[in-house]
Amino acid sequence: MGIVIKRKPFLIFLIILVSISSVADAEIPSRVEDKTIDGYILTRYTFRDTGKDSDQDIYGELRADILFPEKDRYEIHLLSALRYDIDGNREPRYYYPLEDIGDAYKSNPLGYIYEAHLDINNPFWKITQLRIGRQSGTGDEQIFFDGLSSDIKIADNLGLTAYGGVAAHFFEIDAAWGPDWLAGLGMNYSPFKSTNLNLDYLYTEDRRNIFSSNDQQDRLFSFKIWQQVNPFLKTMARLRYINSDPRDLTVRLVKTFPEIQTELVGNYFRQLSTQKELSNEFSSYYDVMGESHPYETYDLKFRKFFGKIIAIDLGYFERRLIEDRDEGPFNREFKRLYSSIEIDELLMDNLTFAVTGEKWKSDEREFKSIGLDIGYDFNEGKTRLNIGTYYSLYKYDYYLELGERERVRTYYAKLRSHLSKSFSIDTGFEYEDSIEEYKIFKMGIRYDF
């Protein structure tokens with residue numbers, strides 16, 4: 001079926017695109033008087049279609065880092081986002097296959113401020129930086145809060161980070177929840193030049209007043225160690241506890257063999273206990289997905305280079321449930337074995353070619369698939385086109401009522417063009433062949449300053 005795009009919003013987006021492109025070559029200074037400004041502005045239009053339903057959205061993102069070079073005393077950091085739903089179904093009483101989390105809000109457009117803080121460098125003795133305002137996570141968990149944080153240098157090999165304030169929750173069923181707050185302390189210690197130890201503590205309090213939910217008070221403890229055994233071998237291990245229960249374990253190893261142009265990467269992850277209802281910081285989507293049961297994953301990747309033209313990858317990924325009875329939507333057990341080859345400048349200059357062969361196994365079912373990507377650089381390397389296809393045994397989103405699709409074949413085309421040193425345009429199209437047809441069109445413009 002063809003794609004029908006509502007003309008007015010899309011034409012407005014194109015007018016903005018052409019207007020910005022017309023000044024793309026203009027020199028816009030990033031130095032203003034005694035300030036240095038770095039960042040970007042990103043605008044993206046997205047169209048989705050199932051053949052029966054369609055949805056259009058416009059997204060915006062602004063990142064700005066303002067530095068005051070004189071004595072390097074002050075910094076200002078801002079990260080914000082905007083979302084405008086052009087024609088989506090915002091009525092929660094009716095099933096809409098293209099709904100997303102933005103449709104949960106009554107207001108439209110939606111604005112998010114992820115960071116808006118002032119940094120003061122070396123304000124006091126032993127304090128290397130003091131941050132004031134809306135901040136993102138400083139420790140081992142993704143958090144947002146309005147408050148204070150500081151980096152403290154105890155010794156050359158020992159540093160502390162202390163932070164706390166009012167918690168910022170962007171996705172909650174009841175936006176009136178609160179007041180919520182959090183506080184944390186992190187320690188970073190390097191006993192040897194090649195060894196680094198990190199301890200993190202985070203306390204959260206999430207007060208709730210709807211349904212039968214109880215107020216949550218949770219404590220996260222994280223222990224992490226990095227070890228560089230030699231210049232070509234690095235390891236990392238992390239163990240986390242939530243309250244008095246073990247939360248998860250992560251082990252990572254990276255080994256390179258420069259004499260034979262080979263790299264080996266291994267990752268192991270295990271969720272050690274069932275994750276029930278917790279503070280928003282630790283279970284943002286509990287009200288949608290429910291409990292998360294223990295599982296473990298093995299991820300092994302091997303890459304071999306043959307000069308600068310050919311690279312071969314071998315990989316194995318397995319997701320295994322600790323208890324087979326826990327399998328269900330969003331919690332699958334499967335294995336994936338794959339091999340791929342990438343060739344640069346195949347047949348002609350600026351042409352790249354990659355093919356991937358896969359073998360999937362889930363329950364008693366086995367599937368084999370082929371993936372392909374062809375890329376070409378033109379316009380003196382300022383523009384790149386990629387076309388290809390890949391296979392997914394499971395894909396998760398709100399396309400189906402359960403948010404899960406099986407055996408999905410995706411075809412895509414992506415075009416990126418640099419109009420100047422600062423401006424770039426990204427365009428992409430995806431077609432998914434599963435239970436039903438699913439199409440996605442995206443076009444974005446970005447200005448770096």
Side-chain angles (χ1 to χ4, degrees), residues 1-5 7 9-26 40-50 54-61 303 305-313 315 338-358 369-392 395 397 408-434 437-448:
M1 296 184 179
I3 296 178
V4 179
I5 299 177
R7 294 181 177 180
F10 187 63
L11 288 177
I12 293 174
F13 180 80
L14 288 181
I15 292 172
I16 296 174
L17 175 65
V18 173
S19 300
I20 295 179
S21 301
S22 65
V23 297
D25 294 324
Y40 64 86
I41 300 174
L42 174 66
T43 302
R44 184 175 74 252
Y45 168 85
T46 301
F47 174 82
R48 298 181 295 162
D49 179 77
T50 67
S54 64
D55 180 64
Q56 299 181 81
D57 299 280
I58 292 181
Y59 301 88
E61 192 171 307
R303 166 161 280 207
F305 293 93
F306 295 89
K308 298 181 180 180
I309 298 178
I310 300 176
I312 294 179
D313 290 309
Y338 69 92
S339 175
S340 66
I341 180 170
E342 298 179 14
I343 305 176
D344 290 336
E345 299 185 354
L346 176 68
L347 303 177
M348 66 176 68
D349 294 341
N350 304 322
L351 182 66
T352 63
F353 175 85
V355 60
T356 301
E358 301 170 292
S369 68
I370 294 291
L372 178 68
D373 180 90
I374 300 175
Y376 183 70
D377 292 314
F378 53 95
N379 192 20
E380 298 179 348
K382 297 179 181 179
T383 303
R384 180 172 179 82
L385 173 66
N386 285 84
I387 59 174
T389 179
Y390 64 90
Y391 176 86
S392 303
K395 261 195 174 183
D397 61 13
V408 183
R409 168 63 65 179
T410 303
Y411 302 88
Y412 65 87
K414 301 177 183 179
L415 179 68
R416 181 167 191 177
S417 181
H418 293 274
L419 304 180
S420 70
K421 185 181 295 185
S422 299
F423 282 91
S424 62
I425 299 178
D426 286 280
T427 304
F429 176 77
E430 290 187 5
Y431 169 81
E432 294 184 1
D433 184 11
S434 183
E437 298 178 348
Y438 185 30
K439 311 175 192 72
I440 307 175
F441 172 78
K442 298 180 180 180
M443 177 179 287
I445 52 178
R446 173 167 170 153
Y447 167 62
D448 292 273

Task: Glu61 versus Tyr40, side-chain donor and acceptor atoms under 3.5 Å - done: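 Side-chain D/A pair, Tyr40 to Glu61: present.
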
Open item on the list: Strictly distance-based, threshold 3.5 Å: is any side-chain N or O of Ser424 a donor or acceptor partner for the main-chain N or O of Ser417?
Closed with: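 Judged by distance alone, no pair lies under 3.5 Å.
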
TODO: May I ask you to decide if Thr410's main-chain N or O and Thr389's side chain share a donor-acceptor pair within less than 3.5 Å?
DONE: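 Side chain of Thr389 to backbone of Thr410: a pair is present.
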
Atom [atom1] of [X] and atom [atom2] of [Y]: how far apart are they, to the nearest 0.5 Å?
{"X": "Phe305", "Y": "Asp313", "atom1": "CZ", "atom2": "CG", "result": "7.5 Å"}
{"X": "Ile374", "Y": "Ile343", "atom1": "CD1", "atom2": "CD1", "result": "11.0 Å"}
{"X": "Asn379", "Y": "Leu385", "atom1": "CG", "atom2": "CG", "result": "13.0 Å"}
{"X": "Leu372", "Y": "Ile387", "atom1": "CG", "atom2": "CD1", "result": "7.5 Å"}
{"X": "Ser420", "Y": "Asp448", "atom1": "OG", "atom2": "CG", "result": "9.5 Å"}
{"X": "Asp57", "Y": "Thr46", "atom1": "CG", "atom2": "OG1", "result": "6.5 Å"}

Task: Considering all heavy atoms, the nearest Gly375-Arg384 contact - done: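 Where Gly375 meets Arg384 most closely, the heavy atoms are CA-NH2, 3.7 Å.
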
TODO: Determine the minimum heavy-atom distance between Gly357 and Ile370, stating which atoms define it.
DONE: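 Looking at all heavy atoms of both residues, the closest pair is CA-CD1, 3.9 Å.
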
TODO: Answer yes if the ring centres of Phe429 and Phe441 are under 6.0 angstrom apart, and no otherwise.
DONE: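 Ring centroids of Phe429 and Phe441 are no less than 6.0 Å from each other.
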
Within-4.5 Å side-chain heavy-atom neighbours: [X] and [Y]:
{"X": "Ser369", "Y": "Arg409", "result": "yes"}
{"X": "Thr383", "Y": "Tyr376", "result": "no"}
{"X": "Tyr390", "Y": "Thr356", "result": "no"}

Task: Heavy atoms of other groups near Ile309 CD1, more than 12 under 6.0 Å - done: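 Check fails, neighbour count at 12 or below.
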
Open item on the list: Please determine whether side-chain hydrogen bond (donor to acceptor under 3.5 Å, both in side chains) holds for the pair Tyr412 and Asp373, giving the CA-CA distance in whole Å, both sets of side-chain angles, and the decisive distance to 0.1 Å.
Closed with: CA-CA 9 Å; Tyr412 65 87; Asp373 180 90; 2.4 Å; yes

Task: Any residue meeting salt bridge (Lys or Arg N to Asp or Glu O under 4.0 Å) with Glu342, in chain and number order, not counting sequence neighbours - done: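 Arg303.
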
- [ ] Under the salt bridge (Lys or Arg N to Asp or Glu O under 4.0 Å) rule, collect the residues that match up with Arg416, sequence neighbours excluded.
- [x]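 Arg416 satisfies salt bridge (Lys or Arg N to Asp or Glu O under 4.0 Å) with Asp426 once adjacent residues are dropped.
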
